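Notes for the one structure printed next.
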Amino acid sequence: MSQNQNSAGRAVISSTGLFTPGETITNEELVESYNRYVEIFNADNAQAIAAGEVAELQPSSVEFIEKASGIKARHVMTKAPILDPETMAPRMRERSNDEPSVMAEIGVKAARDALERAGRDVADVDAVLCAASNMERAYPAMAIEIQQELGIDGFAFDMNVACSSATFGIQTAADYIRAGNARSVLVVSPEVTSGHLNWRDRDSHFIFGDVATAVLVEDAEMAPAEHWDILGTRLKTVFSNNIRNNFGFLNRASPEGEGKPDKLFVQEGRKVFKEVVPMVAEMIVTEAERLGIDPQALRRLWLHQANAGMNRLIAQRVLGHEASADESPTVLDTYANTSSAGSIIAFHKHHEDLSAGDTGLICSFGAGYSAGAVFVRKVG
Ligand code: COA
């Protein structure tokens, strides 16, 4: 536990870390496997389809996926079972209680990357938040497992705000620092989204990819010379049924629900698009003005990575003009939607070229609905 607990600090981002799984699935590979599944399903159900009892499945298309979303490929933890038309889901060996969980393992990799980049000794870290859209188990917390793996003396807990988990985690960490309850907090987002994506659903089978990110939020007084001041944060939630995942510990209490597709990710993509774009743009502009920041002067937007069209519209409304790739970088093409990790990957990969004094915005949005904005300025 570091010194000076309970004296208020100024929160900054000291560094970020990234773990990218080695395996990739291109749209071509994904569509080939999906369409094979469709052929098998339609052949197996030919009679019922002819009798009008079962709906014939339609093939997916590479062109549609890229045009509708901007996604070209995704990283995954286990490629072969996802592409096997008989399985179409990730397959991972069940770990014993003596081994790290999958989420802890990849979270630790991202966390070590962040610690190394900041030159931070783990002895100086006070807390770990595991902020992600799904947890591998109920307890003990994945965050405490990550804390244990890293050898951190302090406290840790899991938090889930779907796609906005990381930005909500950053504000939570910043609040601990501002209140003097911690000086150095790791916000870790291991997103094994392949486990909650329905790879047999044509409308969404292309959406997600796996990754882990980490953000080291610290008191400015202990941060490395080069860091990002957190100028302000704003969180917002508005209830919506348009993105749901009904998997939960009470599912076994209602066996009639078992195996239904709502126990995986489901969404009304069009409605999400239409409702979330204005909500997020309005939140960003209002908060920027409250902080005395001209939204049109933001040097870069590291937006949530769900859909290229959504980002284009949000960036346009915030900046007042069509954003260039330099102003609103994308990682959708190679990572797809990685839930809460997306805006952090964009920041991690696209911040080094900015100059001291440049102001930018990390912003997430997704299920809940939930949205989080973190305004940052480069120092050093
Ligand atoms: N391959 C080919 N065609 C497909 C298809 C696929 N995989 N999936 C759907 N289509 C077809 C539909 O059948 C429909 O055809 P029709 O017009 O003949 O009925 C057409 O494409 C449009 O489908 P729709 O679902 O309305 O597509 P869309 O343009 O809304 O794009 C999303 C779908 C999911 C990419 C888009 O809605 C989106 O990204 N929304 C926001 C999602 C989001 O951010 N969610 C948060 C997750 S955390």
Side-chain angles (χ1 to χ4, degrees), residues 25-39 41 55-74 88 131-134 160-168 189 191-211 237-238 240-245 247 261-262 264-281 303-315 330-333 335-346 363-372:
I25 299 178
T26 64
N27 284 347
E28 287 74 12
E29 291 171 314
L30 184 76
V31 166
E32 192 189 319
S33 134
Y34 181 87
N35 290 350
R36 179 79 195 108
Y37 153 71
V38 167
E39 271 171 35
F41 179 92
E56 184 179 31
L57 295 185
Q58 299 302 313
S60 183
S61 104
V62 171
E63 296 68 34
F64 170 83
I65 295 171
E66 195 177 330
K67 191 155 171 281
S69 69
I71 294 165
K72 296 180 188 167
R74 67 285 295 144
M88 294 182 86
S133 54
N134 255 303
N160 174 352
V161 200
C163 285
S164 286
S165 299
T167 53
F168 276 58
S189 300
E191 289 286 9
V192 189
T193 60
S194 58
H196 48 101
L197 176 57
N198 183 354
W199 296 89
R200 290 192 170 96
D201 174 39
R202 178 173 176 257
D203 288 350
S204 64
H205 75 115
F206 52 89
I207 286 183
F208 286 124
D210 298 336
V211 82
T237 50
V238 179
S240 169
N241 273 322
N242 290 332
I243 317 173
R244 279 193 82 109
N245 181 337
F247 183 78
D262 71 331
L264 295 163
F265 169 90
V266 282
Q267 74 166 351
E268 296 277 351
R270 275 272 153 101
K271 289 187 188 159
V272 174
F273 197 112
K274 223 172 118 217
E275 292 171 9
V276 169
V277 167
M279 181 184 108
V280 171
L303 296 179
H304 177 52
Q305 302 285 312
N307 179 288
M310 282 177 100
N311 286 7
R312 196 160 44 244
L313 286 175
I314 291 170
T330 188
V331 299
L332 269 173
D333 49 348
Y335 282 86
N337 180 346
T338 49
S339 197
S340 73
S343 57
I344 308 301
I345 309 173
C363 180
S364 67
F365 39 88
Y369 296 132
S370 58

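Source: prediction; values computed, not measured. Each ligand, and each atom within it, is numbered from 1 in the order the structure gives.
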Let me know which of Thr338, Asn134, Asp210 forms a side-chain contact (heavy atoms from CB on, under 4.5 Å) with Val192. Asp210
Which of the numbered atoms in ligand 1 are below 4.0 angstrom from a heavy atom of Asn307? 35 (C), 36 (C), 38 (C), 39 (O)
Which ligand 1 atoms are under 4.0 Å away from a heavy-atom of Ile243? 46 (C)
With a cutoff of 4.0 Å, is Ala306 in contact with ligand 1, counting heavy atoms of the residue only? yes
Candidates Phe64, Tyr34, Phe273; heavy atom nearest atom 33 (C) of ligand 1 found on Phe64
For ligand 1, the portion of Val276 having any non-hydrogen atom under 4.0 Å away: neither
Taking the side chain as every heavy atom from C-beta outward, state whether Tyr369 and Val272 have any atom pair closer than 4.5 Å. yes
With a 4.0 Å cut-off, strictly under, does atom 28 (P) of ligand 1 pick up any protein heavy atom? yes
Taking both backbone and side-chain atoms of Ser60, is any N or O found less than 3.5 Å from an N or O belonging to ligand 1? yes
Show which atoms of ligand 1 fall inside a sub-4.0 Å distance from at least one heavy-atom site of Met310. 41 (C), 44 (O)
Can you confirm whether some protein heavy atom lies under 4.0 Å from atom 16 (P) of ligand 1, or whether none does? no
Does ligand 1 have any atom sitting under 4.0 Å from a heavy atom of Cys163? yes
side-chain contact (heavy atoms from CB on, under 4.5 Å) partner of Arg74, chosen from Thr26, Leu197, Asn27: Asn27
Tell me whether the rings of Phe208 and His196 are parallel (<30°), tilted (30 to 60°) or perpendicular (>60°). tilted
Close side-chain approach of Val211 to Tyr335, heavy-atom, < 4.5 Å: yes
Which pair of heavy atoms, one from Gly209 and one from Ala336, lies closest together, and at what distance? N-CB, 4.2 Å
Under the 4.0 Å line, does any protein heavy atom show up next to atom 19 (O) of ligand 1? no
Proximal atoms of ligand 1 relative to Asp203 (non-hydrogen, under 4.0 Å): 8 (N), 9 (C)
I want to confirm something. Looking only at heavy atoms, which of Arg270, Arg202, Glu63 is nearest to atom 30 (O) of ligand 1? Arg270
Under a 3.5 Å distance rule, please check whether Trp199 uses its side chain to pair with a backbone N or O of Ser194 as donor and acceptor. yes
Protein heavy atom at shortest distance from atom 31 (O) of ligand 1: Ala68 CB, 3.7 Å
To check your reading of the model: name the closest protein heavy atom to atom 45 (N) of ligand 1, its residue, and the distance in Å. Gln267 OE1, 2.7 Å
Short list, please: which atoms of ligand 1 are under 4.0 Å from a heavy atom of Asn337? 47 (C), 48 (S)
Looking at Ser164 and Gly366, what are the two nearest heavy atoms and their distance? OG-N, 4.2 Å
Indicate the ring-plane relationship of Phe41 and Tyr37, choosing parallel, tilted or perpendicular according to the 30° and 60° boundaries. tilted
Under 4.0 Å from one or more heavy atoms of Gly269, ligand 1 contributes atoms 37 (O), 40 (N), 41 (C)
Checking a contact table here: which protein heavy atom is nearest atom 1 (N) of ligand 1, and how many Å away? Ser61 N, 3.1 Å
Minimum side-chain heavy-atom gap Asn337-His304 below 4.5 Å: yes
Within-4.5 Å side-chain heavy-atom neighbours: Ser60 and Asn35: yes
Correct closest heavy-atom pair for Val266 and Pro261 would be CG1-O, 4.0 Å
Less than 4.0 Å between atom 39 (O) of ligand 1 and some protein heavy atom, yes or no? yes
